[in-house]
Structure formats: C-alpha cells, structure tokens
Amino acid sequence: MRWTKTLIPTMKEKTPEGAEIPSHVLMLRAGLIAQVMAGAYTYLPLGLRALKKAEQIVREEMDRSGAVEVLMPALTPISLWEKTGRVNAFGNVLIQFKVQRGSRQVHMALGPTHEEVVCEQVARHVSSYRQLPITLYQIQTKFRNEERPRFGVLRTSEFLMKDAYSFDASVEQLNQSYDTMYRAYCRIFDRCGLKYLPVEAESGPIGGDASHEFMVLADNGEDRVVYCPETGYAANVERAEIGPRNVTPPNVPEEPLELVDTPDAGSIEHVSKLLKSKPEQFIKTIIYEVDGQPVAVLVRGDHEVNENKVRRVLKAESVALASPEVIEKVTGAKVGFAGPIGLSIPIWADHDVAGIKNAIVGANQTDKHYKGANLGRDFQVPADHFADLRNAVEGDPAPGGKGTLQIRSAIEVGHVFKLGTKYSSALGARFLDDKEQQHDIIMGCYGIGVNRIIAALIETQHDDNGIIWPISLAPYEVIITPLNVAQEEVMQAAEKLYQELTAAGIEVLLDDRDYRAGVKLKDADLIGIPLRVVVGGRGLAEGNLEVKWRHEAQSFNVPVKGGAAKIAQLVQEERAKYGPKPL
RNA sequence: CGGGGUGUAGCGCAGUCUGGCUAGCGCGUCUGGUUUGGGACCAGAAGGUCGGGAGUUCGAAUCUCCCCACCCCGACCA
C-alpha cells in the first residue's frame, strides 16, 4: 500500500484531548482509531489491519483446537433473555428496544454475550451423547451499555469478542474441553507477543479451579491481580486466598471499654481523624443480607470485605449489603455506627480481627463509638466463625504459607469459565446417554476481547516515539521510506523494492508522501511498523539500503542488489517466531 | 448513578472573571518559491451556527436559566 492512497492521519506530539493512557494516546496519534461517541470508535485502515491480524490468530488457534466457527446474530429476541432471568441480571447493560413491524411490536436486545443464543441452537440440534463433546465459537461484535466507557478501546459499549462455548456430556469431558481452550489461549497470546499471566478467577457455582482470567500486567489496567513471585500463585483480587496469618494480639494491657461521641462520623476515615487513631485499630462491622438473613461481618478497619468469600464460607446463594432500613433495625443506629457489641445477629470475622486489642468499634448508637473494645470480654465471635473474608492486600502471606503476595494492575484479555448446566437446564439443552438417560448438557464458556489484545499490546509495547508492534499484529510488516521523493533514483529504487517485496508476499507500506525526511521517520516510528527500510541518496551512492527493526536501536545496511530477497528472508524469520507452534 | 472538569477553525489552545470595533494564536490544509537524512523557511490564501436553545442588554464567546456532548475520579461491570 502507498501511504498517499490510504488514510493514515497521524498526529504530531500533541496529546489528543481526553486521552490519558498510552494505548489510547498512541492509537489516536498513529491514526488507528477515531472516536465516534463515548465508547464507540471507528477503526481506520491501520487499526483495522491490526485488529484483523489479531482476529485471524484467534481464529487459527481456535480451529486448531477443534472448535467450530459459527456466526450468531447480534439481534436477539428479548424472550430469550427472560427465560434465563438475565434481563434483570444485566439490567441497564443490556441494550434493548422495540421496533414496529406492521401492526405489532417486536422487542429485541443486542447480544452482550451469547450463552442463551448458542444454547438454544444446540438444544434444537443436539440430542445424543454421540454428538458430544462439541465447542462452537464466533468472532462477533458485542454490545454492552457500559455505565462509563473509558480508556480508549479498553472499555467500550461495542467491541469485538471471540466467544466460545463447549458442550459436554460429563464433568470429565468438560475438564478436557476447558483444558483445550486454556492451552489455545496460551498459544493465541503468545503469538500476539503479549506478556500475559493466567490467574485464578471467581468461579461461580462450580467452584474449585473452574475459572481463569488471562491478564496482561499494565499500570493502567482496571483489574487487580495478586501474585506471589516465590510460589507462582496468581489470582484476581476478587478471588485470591490469603495464607495463614499471624494474629497474636499485641502484648499490651486491656483498656476499659469507653463510649465516645463521634457526631456525624460514620466512616472509618472520619472517626480515625476525630479520635486520632489509625484505621488498623478499628474493627469494621458490615451488615450483610445473606440469603435474606442479616449477618454481621467484621474486618480490620483498613481491610475490605470480599463478598465472594463470605458467600463461599457461609455456603450462601446470595450476599448483598443490607439496606439502610435493615441496618437501622438490626443495630438500632444510623448507618455508619454498627459494632459487634450487643449485636444479636450472627457474627463472622476475618482472621485479622483476632489480632486487634483495644479496638475502636461502632457503638450501635447513632453518633457514638466504643474505644477499648476487646474480643472475648466485650463481644464474642465463635471460633468457627473466623475465616478468610477479606480482599488480599500487598504483603499478605501467600496461600501455602510460603512467600508474600504482591498486587499489580492488569488488563483482562481473556476469560475461561466452567459454566455447568445453568443455561442448558433453563433452555432445555439435553442429551440422552448410552443408557437412555436424559441429562442437561454441561457447558463452558470462553471469551477473548479482540480489541483489548490490540490495546494491551500497545499499552505494554511502546516507547517515547510510538508503538512497537510484533510482526504478528503489525498493520504492515515493512515500511519503505524514500527520504526524498523528488530524487528520481531514490524513488525508482523504492518503487522497485516495493514491487519485489509485495510480489514476495510481504505486507509493505510505501511512504511516498512528499515530506521531509524527519517527518517520515518520526511517523514510521509512531505507527511502529516492525521493519523499516530507508532509501536515501547517501545509501544508494554506496549501493546500500538502510534497514532497522523498530524494536532495536541500531540500523544495518543491506546491499541494494538482492536487497528484496534478503529483506523478505528477514521478515519470514521474524514471522516464524510468532507463527503456529506444535500442539 | 454521585463528585469534579471541559466545550471557540481539521487538531491543540488563548480570549470568558471585569459584556464593546471585523473573534485570535500555533499546528495542519491549499497556492507560489527556496529547501531536502530525525517533525524546514518565506510570501499569500481558505477554513468559525464561539456545543444547542431561551433570556437580560443599545450590544453576548463573555452575564442568567434550561438542555446536550465529551473527559476524569468513584460506584457498577456477564
């Protein structure tokens, strides 16, 4: 492609208004994308080519894993979502609307994910264990009405997703399907040149190791990942377990319990300022409704309750913060003054609570707290009601008792998940086994955000000058930069090289713009094409082309004679590094 | 949805507080010329519903009210 025949609107140094993180800034500056509205972007030629590259890698590796490609519609009938109750579960995220058809109204929704659609189709066409296992996938635009789209293409209301769904006859089969997908994901992200980390994630109804997220560590990521360099343990903060903790209380005398006035101070931050004490000295009392019943959960003041852990430990279906009415009824005080002393509902506590002496707690009286509260003397928590109930923080012991946990920001690029029979039972996807018994099909689902592959790559692979593409995702593999298009011998050499490389199956961008050298060299760095070939009068006089990898600092000379063949060879070698690997 | 901010030429901004001539600057674009190895220079030109509407006023980018869009923090996120 010739630069002058396509559309690559690059931007000089100025940071585009509103863009803050590197991937967003660079995608705009390099002319990859253009915003249409919040959370919706046009992919310009360069961006689209990169996106298609990512899509093709995903497709190839899904095919190699034995998954079968289909294409489902984005338009779906609302009734499908009503059957599984997800109209409510999605709430505002589901984009739905009514359209007029003749005298009737049709109510539809744009698919935010496709469990319902695929499951209904499979229910119709699969009825025997002989047809299982099977994994279907598609690469398709998804729609979610994000409350707050942000970070360029990292969080948008419309995005390209690879979603796959496995259908199995047994848990063993499911485990195999899951493992197959997991390994395909590793191959995909390897080929995309991403440095990723598979982490344990919240697993929902099946439990155990039923869910992994594929994370790319990046300072601007929205997710928090916990990991332990010593043991290799890695998990989403929502999921991360904490190892055995030292909760021996400090060896100080017990102080008397003292009621103190804390007017209008319903937050830990506020009270700690008022009483001049650290949040670690507080016991935070959070009232939850667990399967409809009020329960108090205690954590240290500087910690956060992890509702998933509460649900697991209490073996509950639902866990939600109690409403202000319930809190006032249970504690007899306004929200913000709950405490364990004199509370008549079940009390659970995180392990660290046992390590606090002379704690500050809510008094269950509006505008009052207690100082000097002590476990055992002033309030009781049964020994079997202590558990790991909070989010991990930096420095916590890792599970297994070895090493400490670190916390990093990350971008989620993929998620594999064992679903179970939630959708198959709701939508009647059943099969007959070899003993003529009917069962619900066991499902797994597997998602990759294709746009996020691009954004995560740029977020982690760039320098001050621009993007540094791996050859597998690069919009073009080679950029030819004739330094002066007015010099006939320069332009002739560039044209010849362009023809020869293109004929050799190399993807080449010829920067034929009549600009000064500096402009073109800066732009070449900005858009990040892996191999740059400079054609200039100086080099030509010596019979040389100046060749440079974007990811290396030094250029090197290649003789003009036989230059195309040599460059094609370099490209092919680089391609091989990111090509398909044996299964 | 709560809090904060922004909206003036394709892009980045000044002007708004304290109303006043024909609304400016840089980049980019176009024309001509000189240049040509890391974002050149000279001369000229085009390009604006000042986010929208209503109001106050002799007069509104500027003041008032309503609305809209976008960005940031938080909540939310299968």
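In what follows, every chain begins at residue 1, and chains take the letters A, B, ... in the order their sequences are listed.
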ask   = Quantified in whole Å, what is the C1' atom distance between nucleotide G3(B) and nucleotide C13(B)?
value = 27 Å

key: Pairwise C1' distance for A69(B) and G51(B), with rounding to whole Å   = 7 Å

Counter-base of U36(B), judged by Watson-Crick or G-U geometry with both distances under 3.5 Å = none

request  = Report yes if a donor N or O on one partner sits less than 3.5 Å from an acceptor N or O on the other, where the partners are the side chain of R513(A) and the base of G39(B); otherwise report no.
outcome  = no

query = Taking only N and O in the side chain of Y515(A), is any of them less than 4.0 Å away from OP1 or OP2 of U29(B)?
reply = yes

Watson-Crick or G-U wobble mate for U64(B), both contacts under 3.5 Å = A54(B)

ask   = Which whole number of Å gives the distance between the P atom of C21(B) and that of C63(B)?
value = 16 Å

ask   = What interatomic distance, in whole Å, is found between P of A23(B) and the corresponding atom of C42(B)?
value = 27 Å

query = Reckon G447(A) touches a base, only the sugar-phosphate, or nothing at all at heavy-atom distances under 4.0 Å?
reply = nothing

inquiry  = Both N484(A) and P16(A) contact RNA chain B. Taking the nearest nucleotide for each, which residue is further toward the 5' end?
reply    = P16(A)

inquiry  = Below the 4.0 Å mark, does C71(B) have OP1 or OP2 next to a side-chain nitrogen or oxygen of R148(A)?
reply    = no

task = Using the P atoms only, state how far G28(B) lies from A75(B), rounded to an integer number of Å.
result = 43 Å

ask   = What is the pairing partner of G44(B), taking Watson-Crick or G-U wobble pairs with both distances under 3.5 Å in any strand?
value = C30(B)

ask   = Considering only the C1' atoms, how many Å lie between U29(B) and C67(B), rounded to the nearest integer?
value = 35 Å

Among C1(B), C73(B), G37(B), the one nearest E147(A) by side-chain distance = C1(B)

ask   = Considering Watson-Crick and G-U wobble pairs with both distances under 3.5 Å, what does A75(B) pair with?
value = none

request  = Rounded to the nearest 0.5 Å, what's the gap from CD1 on I527(A) to CD1 on I467(A)? Could you check?
outcome  = 8.5 Å

message = Under a 4.0 Å threshold between the charged nitrogen and the carboxylate oxygen, would R532(A) count as salt-bridged to E546(A)?
response = yes

request  = Go through residues 20-36 of chain A and report each residue with a non-hydrogen atom lying under 4.0 Å from RNA chain B, sorted by number.
outcome  = E20(A), R29(A), Q35(A)

Pairing residues for A456(A) by the side-chain contact (heavy atoms from CB on, under 4.5 Å) criterion, not counting sequence neighbours = L194(A), V216(A), I411(A), V413(A)

A40(B) OP1/OP2 closer than 4.0 Å to side-chain N/O of R516(A) = yes

message = Mind checking if E17(A) touches a base, just sugar-phosphate, or nothing, with heavy atoms under 4.0 Å?
response = sugar-phosphate

request  = Kindly check if the number of other-residue, nucleotide or ligand heavy atoms within 6.0 Å of CD (Q140(A)) is above 12?
outcome  = yes

key: Counterpart base for U6(B), defined by Watson-Crick or G-U wobble contacts under 3.5 Å   = A69(B)

query = What does R155(A) touch in the nucleic acid at a heavy-atom separation under 4.0 angstrom: a base, only the sugar-phosphate, or nothing?
reply = base

remark   = Checking N1-N3 plus N6-O4 or O6-N4 for Watson-Crick, or N1-O2 and O6-N3 for wobble, each under 3.5 Å, the partner of C25(B) is G12(B)

